[in-house]
Amino acid sequence: MRLSRFFLPILRDDPKEAEIVSHRLMLRAGMIRQSSAGIYSWLPLGHRVLRKIEQIVREEQDRAGALELLMPTIQSADLWRESGRYDDYGKEMLRIQDRHERDMLYGPTNEELITAIFRDGVKSYKDLPRILYHIQWKFRDEIRPRFGVMRGREFLMKDSYSFDLTQEGARRSYNRMFVAYLRTFARMGLKSIPMAAETGPIGGDLSHEFIILADTGESEVYCHKDYLSMEAPGADLDYDADLAPLVQSWTGKYAATSEMHDVARFEAEVAETDRVTARGIEVGHIFFFGTKYSEPMGAKVQGPDGELIPVEMGSYGVGVTRLVGAIIEASHDDAGIIWPQSVAPFDVGLINLKAGDTDTDAACETFYARLQQAGLDVLYDDRDDRAGAKFAAMDLIGLPWQLIVGPKSLKAGEVELKERATGERHSLTFDSALSMLTAAAAGRAKEDA
RNA sequence: CGGGGCAUAGCGCAGUCUGGUAGCGCACCUGCUUUGGGAGCAGGGGGUCGCAAGUUCGAAUCUUGCUGCCCCGACCA
């Protein structure tokens with residue numbers, strides 16, 4: 001993509017309404033614009049990141065055996081009356097009427113809808129277990145939206161729902177999603193830690209929040225320091241194997257958000273030198289809720305003995321739009337965003353330091369073509385602008401690599417390759433730079449495999 | 001929903017107290033000079049001053065009502 005043809009409305013000054021760093025940077029980098037409180041338009045740069053995150057989530061869901069579908073944003077109130085939540089949900093739910101004055105709502109979540117779909121389509125225990133998911137816009141009329149896309153009213157969410165015959169089966173589904181989440185967040189360059197969360201109506205230990213650590217995170221978290229060095233399972237993981245030991249290894253030590261924090265337990269279970277107190281952002285939440293919806297809504301299957309059994313369900317959410325902000329909170333510096341390679345809107349920014357100079361232009365055109373041929377996503381800054389302005393813009397939007405091409409280095413037969421994360425710059429031939437870049441991209445592809 | 005604040009050009013702001021027909025920086029357009037970390041000079045374009053009513057010869061400025069947005073708290077992926 002040539003920057004001269006792209007839509008990238010960068011702001012030099014901080015918009016005053018943006019308090020936290022991710023919100024400021026997203027506005028300044030031309031990723032989003034606010035439409036109204038807690039509702040945002042995603043501009044091309046932001047949209048690219050959103051799609052990349054969505055795709056990683058999708059791939060890991062698929063890998064774990066979940067099946068993608070797509071449910072509507074607008075739902076009928078009748079379904080919610082079946083579960084009893086129409087009256088319980090309160091003002092967070094956006095209620096609307098169609099032209100026939102039928103009560104409708106903009107879905108804040110999809111338990112009712114998925115349960116209805118499931119109940120109409122599945123009658124036998126032989127069709128279990130299943131995990132279904134979709135990635136869809138939700139609306140929750142938060143009392144006070146804030147922090148940009150981190151707590152918007154309209155947000156993109158991946159929500160999965162598991163259906164099992166027994167609680168033991170539900171635990172296996174839960175473990176699948178648990179492990180899928182470890183991989184999902186790791187692929188985005190995030191350190192995520194599962195933390196025990198408030199258990200639902202069923203109780204038990206099947207509820208976890210996935211927290212990523214960021215200095216500017218909204219909640220205080222406490223955990224054993226071993227979690228910081230644990231590696232998410234690799235791509236060779238067999239989801240059909242018994243995942244319980246793996247889940248156990250990620251839940252065996254102390255980890256809690258401030259709501260669940262128990263100082264006495266923390267101090268008893270974790271040696272003083274192993275205690276970590278940090279700040280975190282919740283990016284995923286998984287829980288088991290048994291027959292809460294299947295019972296009242298009649299989602300039952302026939303068991304081997306012919307009896308009707310309400311299915312055991314769980315639900316598993318990932319805040320896709322929130323992740324965009326969360327990644328920035330976890331990865332930025334004074335100059336701007338620092339995208340992990342896997343979610344970066346482009347792999348590399350090609351900077352023409354002297355647009356209009358025949359030799360430099362020609363070299364850049366060649367490099368641009370060759371980078372693309374190598375399968376790299378390139379943002380080519382071909383604008384006639386000052387070097388400083390180009391550096392500043394490229395640092396702000398945070399592409400992982402900058403390939404800097406100017407007459408001086410060209411004369412020496414070289415280009416400069418700058419790594420955004422470290423600021424390190426290497427002078428080298430274009431061919432060497434190209435192999436470094438393709439190696440970095442290959443590394444990313446390998447993680448994905 | 002309680003408390004506080006803001007609303008003037010794309011962004012950041014001044015002007016409001018003391019009414020006289022809108023200004024600054026950045027961004028944008030044109031030209032010249034510049035050119036490796038947000039250049040200089042000159043010339044330009046862009047605003048129903050959030051909306052509505054009122055007071056007045058005259059309202060960004062005063063009065064009343066409304067709306068939107070932000071911050072702090074209770075709630076959340």
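Numbers restart at 1 for each chain; the letters A, B, ... are given by sequence-line order, proteins then strands.
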Q: Under 4.0 Å, counting only non-hydrogen atoms across every strand here, what does K354(A) touch: a base, just sugar-phosphate, or nothing?
A: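 No contact.
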Q: Return the value, rounded to whole Å, for the distance between atom NE2 of H23(A) and atom C1' of C71(B).
A: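 The answer, rounded to whole Å, is 13 Å.
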Q: For the pair E60(A) and R183(A), evaluate salt bridge (Lys or Arg N to Asp or Glu O under 4.0 Å) and give the outcome as yes or no after the intermediate values.
A: CA-CA 7 Å; E60(A) 292 305 322; R183(A) 281 191 45 79; 2.8 Å; yes
Q: Students often get this wrong, so: under 4.0 angstrom with heavy atoms, is T109(A) touching a base, only sugar-phosphate, or nothing?
A: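 Nothing, no nucleic acid heavy atom in range.
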Q: Side chain of R146(A), heavy atoms from C-beta onward: which of G38(B), C71(B), A77(B) has the nearest atom to it?
A: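 The closest nucleotide is C71(B).
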Q: So what does G90(A) hit on the nucleic acid, given a heavy-atom distance under 4.0 Å: a base, only sugar-phosphate, or nothing?
A: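 Nothing, no heavy atom under 4.0 Å.
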Q: Just how far, in rounded Å, is C1' of C76(B) from CD of E282(A)?
A: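 Taking atom C1' of C76(B) as the reference, CD of E282(A) is at 8 Å.
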Q: Answer yes or no: side-chain N or O of D13(A) and base N or O of G25(B) forming a donor-acceptor pair under 3.5 Å.
A: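 Per atom types, the contact qualifies.
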Q: Within this structure, what is the OH-to-P distance between Y40(A) and C70(B), rounded to whole angstrom?
A: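 So the OH-P distance, Y40(A) to C70(B), works out to 6 Å.
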Q: Rounded off to whole Å, could you give me the CZ-to-P distance for the F155(A) and C75(B) pair?
A: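 Taking CZ of F155(A) and P of C75(B), I get 18 Å after rounding.
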Q: Can you tell me, in whole Å, how much space there is between the C1' of U64(B) and that of A27(B)?
A: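 These two C1' atoms come out 38 Å apart once rounded.
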Q: Stacking between F391(A) and G38(B), defined as ring centres under 5.5 angstrom apart with planes under 30°, is that present or not?
A: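 No.
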Q: Is there a donor N/O on one and an acceptor N/O on the other, under 3.5 Å, for the side chain of K16(A) and the base of G5(B)?
A: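 Per atom types, no contact qualifies.
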Q: Quick one: E218(A) CD to C75(B) P, roughly how many Å, whole number?
A: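 Distance, rounded to whole Å: 13 Å.
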Q: Using a 4.0 Å heavy-atom cut-off, does L11(A) contact any base of the nucleic acid, only the sugar-phosphate backbone, or nothing at all?
A: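 Counting heavy atoms under 4.0 Å across all strands, the contact made by L11(A) is with sugar-phosphate only.
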Q: Please give the nucleotide sitting opposite G46(B) as a Watson-Crick or G-U wobble pair, both distances under 3.5 Å, or none.
A: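 Its partner: none found.
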Q: With rounding to whole Å, what would you report as the distance between U63(B) and U55(B) at their P atoms?
A: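 So the two P atoms sit 15 Å from each other.
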Q: For G68(B) and Q34(A) - does any side-chain N or O of the residue sit under 4.0 Å from the phosphate oxygens OP1/OP2?
A: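 Answer is no, no contact under 4.0 Å.
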Q: Between C1(B) atom C1' and D141(A) atom CG, what is the distance in whole Å?
A: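 These atoms are roughly 13 Å apart.
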Q: For this output row, return yes or no: ring centroids of Y174(A) and F288(A) closer than 6.0 angstrom.
A: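 Aromatic pair excluded; centres sit 6.0 Å or further apart.
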Q: Roughly how many Å apart are C49(B) and A59(B), using the C1' atom of each and rounding to a whole number?
A: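 My reading of the C1' atoms in A59(B) and C49(B) gives 11 Å.
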Q: Applying a 3.5 Å limit to both distances, which nucleotide forms a Watson-Crick or G-U wobble pair with A74(B)?
A: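 Pairing partner, where one exists within any strand: none, as none qualifies.
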Q: At less than 4.0 Å, is any side-chain N or O atom of R144(A) found next to OP1 or OP2 of C72(B)? Yes or no.
A: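 Result: yes.
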Q: Go through the N and O atoms of the side chain of D385(A) and the base of G38(B), and report whether any donor-acceptor pair is under 3.5 Å.
A: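 For D385(A), whose side chain was compared with the base of G38(B), there is no donor-acceptor pair (under 3.5 Å).
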Q: Could you tell me the separation between the CE atom of M195(A) and the CZ atom of F210(A), rounded to the nearest 0.5 Å?
A: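 So the CE of M195(A) and the CZ of F210(A) are separated by 11.0 Å.
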Q: Who does C17(B) pair with, Watson-Crick or G-U, both distances under 3.5 Å?
A: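 The answer is none; no pair meets the criterion.
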Q: Using the P atom in both, what is the distance from U48(B) to A22(B), to the nearest Å?
A: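 12 Å, rounded to whole Å.
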Q: NA contact type, A387(A), heavy-atom cut-off 4.0 Å: base, sugar-phosphate, or nothing?
A: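 Touches sugar-phosphate only.
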Q: Would you mind telling me which residue lines up with the more 5' stretch of RNA chain B, K390(A) or I20(A), judged by nearest nucleotide?
A: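 Here K390(A) is the residue nearer the 5' end.
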Q: Check this for me, if you would: do D385(A) and K354(A) make a salt bridge, where the nitrogen-to-carboxylate-oxygen distance has to be below 4.0 angstrom?
A: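 No salt bridge links D385(A) with K354(A).
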Q: For the C1' atoms, the ones on C11(B) and on C57(B), what distance do you get once it is rounded to whole angstrom?
A: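 About 38 Å, rounded to a whole number of Å.
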Q: Roughly how far apart, to the nearest Å, are U21(B) and G4(B) at atom C1'?
A: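 Looking at atom C1' only, U21(B) and G4(B) are 34 Å apart.
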Q: Is any side-chain nitrogen or oxygen of R386(A) closer than 4.0 Å to OP1 or OP2 of U35(B)?
A: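 No, because none of the side-chain N or O atoms of R386(A) sits under 4.0 Å from OP1 or OP2 of U35(B).
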Q: By the 4.0 Å heavy-atom rule, please label A37(A) as base, sugar-phosphate, or nothing.
A: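 Result for A37(A) = sugar-phosphate.
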Q: Specify the separation, in whole Å, of atom CE of M260(A) and atom C1' of C76(B).
A: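 Taking CE of M260(A) and C1' of C76(B), I get 16 Å after rounding.
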Q: Are H285(A) and Y181(A) close enough that a side-chain donor and a side-chain acceptor fall under 3.5 Å?
A: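 The answer is no; no qualifying pair exists.
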Q: Looking for any heavy atom pair under 4.0 Å, which part of the strands does D159(A) touch: base, sugar-phosphate only, or nothing?
A: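 It contacts nothing in the nucleic acid.
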Q: Considering every strand shown, what is the Watson-Crick or G-U wobble mate of U61(B) when both distances are under 3.5 Å?
A: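 When the pairing criteria are applied, nothing turns out to pair with U61(B), so the answer is none.
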Q: Is it true that E19(A) and R146(A) have a side-chain N and a carboxylate O under 4.0 angstrom from each other?
A: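 No, this pair does not count.
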Q: Using Watson-Crick or G-U wobble geometry with both distances under 3.5 Å, which nucleotide pairs with A39(B)?
A: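 Across any shown strand, A39(B) pairs with U33(B).
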Q: Any strand counts, and the cut-off is 3.5 Å on both contacts for Watson-Crick or G-U wobble. Which nucleotide pairs with C26(B)?
A: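 Per the H-bond distance test, G10(B).
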Q: Both distances below 3.5 Å, Watson-Crick or wobble geometry, any strand: find the nucleotide opposite U55(B).
A: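 Partner of U55(B): none.
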Q: At less than 3.5 Å, do the side-chain atoms of R28(A) and the base atoms of G38(B) form a donor-acceptor pair?
A: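 Looking at the base of G38(B), it does pair with a donor or acceptor on the side chain of R28(A) (distance under 3.5 Å).
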Q: Counting the atoms with a prime plus P, OP1 and OP2 as sugar-phosphate, which does G319(A) contact under 4.0 Å by heavy atoms, base, sugar-phosphate, or nothing?
A: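 If one applies the 4.0 Å heavy-atom cut-off, G319(A) turns out to touch a base.
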Q: Classify the nucleic acid contact of E142(A) as base, sugar-phosphate or nothing, counting any heavy atom under 4.0 Å across all strands shown.
A: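 Touches a base.
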Q: Over how many whole Å does the gap from I143(A) atom CD1 to C72(B) atom P extend?
A: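 One finds 15 Å between P of C72(B) and CD1 of I143(A), rounded.
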Q: On the side chain of R12(A), is there an atom forming a donor-acceptor pair with the base of A27(B) - under 3.5 Å, no angle test?
A: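 Answer no: no donor N or O sits under 3.5 Å from an acceptor.
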Q: Looking only at atom P, what distance separates C17(B) and C41(B), rounded to whole Å?
A: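 Going atom to atom, P in each nucleotide, I get 35 Å.
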Q: How long is the gap from OH on Y106(A) to CD1 on I74(A), to the nearest 0.5 Å?
A: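 Rounded to the nearest 0.5 Å, the OH-CD1 separation comes out at 6.5 Å.
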Q: Inspect the contact between E218(A) and R151(A) and indicate whether a charged nitrogen and a carboxylate oxygen are less than 4.0 angstrom apart.
A: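 Salt bridge: yes.
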Q: Any salt bridge between E59(A) and R63(A), counting N to O under 4.0 Å?
A: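 Looking at E59(A) and R63(A), the cut-off is not met.
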Q: Quick one: does R425(A) reach the base of G37(B) with a side-chain donor-acceptor pair under 3.5 Å?
A: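 Present.
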Q: Picking from C69(B), G10(B), G37(B), which would you name as closest to the side chain of S36(A)?
A: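 Nearest to the side-chain atoms of S36(A), counting from C-beta on, is C69(B).
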Q: Sticking with atom C1', work out how far C70(B) lies from U56(B), rounded to a whole angstrom.
A: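 That atom pair is separated by 34 Å.
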